[in-house]
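What follows is a short report on a single structure.
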Amino acid sequence: MIRDAVAADLDAIMRLERISFPTDAWSEAMMREELASPHGHYIALEHGGVLTGYAGLRAPRGGRDGDIQTIAVAEAARGRGSGRALLRALLAAAAERGVREVFLEVRDDNPVAQRLYASEGFTEVGRRPRYYQPDDVDALVMRADIPAWAAASASAGAASSDAAASSAAEGTEVR
């Protein structure tokens, strides 16, 4: 279940933050400020009442652009579409806020995340050398066109619904 993150989630978010980003985790104070900011939208992913992921968007309402601040999924929950679900929820929130473009930075040494972002319409627009410290890893700067993403999502959803209806009529399951 994906829901809005709240201040009471801070301890669980920080545990996952430190495990997910051991060399460059945000401080508790920074995360507390992010959760409280009116310009941010943070969400939590729960399985069985346990926080297994979180993600954040910074996008002031009425602004043209926004930034994916972070996405983290517990190792045991990876490979099941959790990261994609969190990303899509943030992009939908960006669309709801009237955002036209969303940017993010992703580590050059994280091809799994890069493929996820590309599959959701992000394209590389730049590189920040040695951005991630102390690891000296470059950041790829990626951008998504939110109206285009929303249109593609809507048509994919319609195709999914059509396929599900067709499969139901045939007695098969769509995955």
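Bear in mind that the values here come from a model prediction, so they are computed numbers and not experimental data. If you read the sequence from its start, that first residue is 1, and numbering goes on from there.
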For this session: Please name all residues satisfying side-chain contact (heavy atoms from CB on, under 4.5 Å) with Ala95, sequence neighbours left out, ordered by chain then number.
Result: Ile146

For this session: Determine the minimum heavy-atom distance between Leu90 and Ala55, stating which atoms define it.
Result: CD1-CB, 3.5 Å

Exercise. Considering residues at least two apart in sequence or located in another chain, which fulfil the salt bridge (charged side-chain N to carboxylate O under 4.0 Å, His left out) criterion with Glu46?
Worked result: Arg3

Exercise. Considering residues at least two apart in sequence or located in another chain, which fulfil the side-chain hydrogen bond (donor to acceptor under 3.5 Å, both in side chains) criterion with Asp136?
Worked result: Arg130, Gln133

For this session: Report the residues that fulfil salt bridge (charged side-chain N to carboxylate O under 4.0 Å, His left out) with Glu17, sequence neighbours left out, ordered by chain and then residue number.
Result: none

Exercise. Mind checking what makes side-chain contact (heavy atoms from CB on, under 4.5 Å) contact with Pro60, not counting sequence neighbours?
Worked result: His39

Exercise. Quick one: ring-ring contact (aromatic ring centres under 6.0 Å, His included) pairs with a partner in residues 90-124, sequence neighbours left out?
Worked result: Tyr117-Phe122

Exercise. Can you name the nearest heavy-atom pair linking Ala113 to Val106, along with the distance?
Worked result: CB-CG2, 3.7 Å

For this session: Just jot down the salt bridge (charged side-chain N to carboxylate O under 4.0 Å, His left out) partners of Arg128, sequence neighbours excluded, or say none.
Result: Glu105

For this session: Please lay out, stage by stage, how Leu45 and Leu51 fare under the test side chain to side chain contact (heavy atoms under 4.5 Å, CB included).
Result: CA-CA 6 Å; Leu45 174 68; Leu51 189 132; over 6 Å; no

Exercise. Which ILVMFWY residues can you reach from Val137 by hopping between side chains whose heavy atoms are under 4.5 Å apart?
Worked result: Tyr131, Tyr132

Exercise. By side-chain hydrogen bond (donor to acceptor under 3.5 Å, both in side chains), which residues pair with Ser119, not counting sequence neighbours?
Worked result: Arg84

Exercise. Between Arg143 (side chain) and Glu124 (backbone), is there a donor-acceptor pair under 3.5 Å?
Worked result: no

Exercise. Can you list every side chain to side chain donor-acceptor pair (under 3.5 Å) pair that touches residues 59-75, not counting sequence neighbours?
Worked result: Arg61-Glu96

Problem set entry | Side chains of Pro147 and Arg100 in contact at under 4.5 Å (non-hydrogen atoms) | yes

For this session: Please collect all side chain to side chain donor-acceptor pair (under 3.5 Å) contacts where either partner lies in residues 20-36, sequence neighbours excluded, each pair once.
Result: Thr23-Asp135, Glu28-Arg32, Glu34-Tyr42, Glu34-Arg58

For this session: Could you list the residues that satisfy side-chain contact (heavy atoms from CB on, under 4.5 Å) with Ala59, not counting sequence neighbours?
Result: Leu57, Arg97, Val99

For this session: Indicate yes or no for a side-chain donor-acceptor contact from Asn110 to the backbone of Arg107 under 3.5 Å, with no hydrogens or angles considered.
Result: no

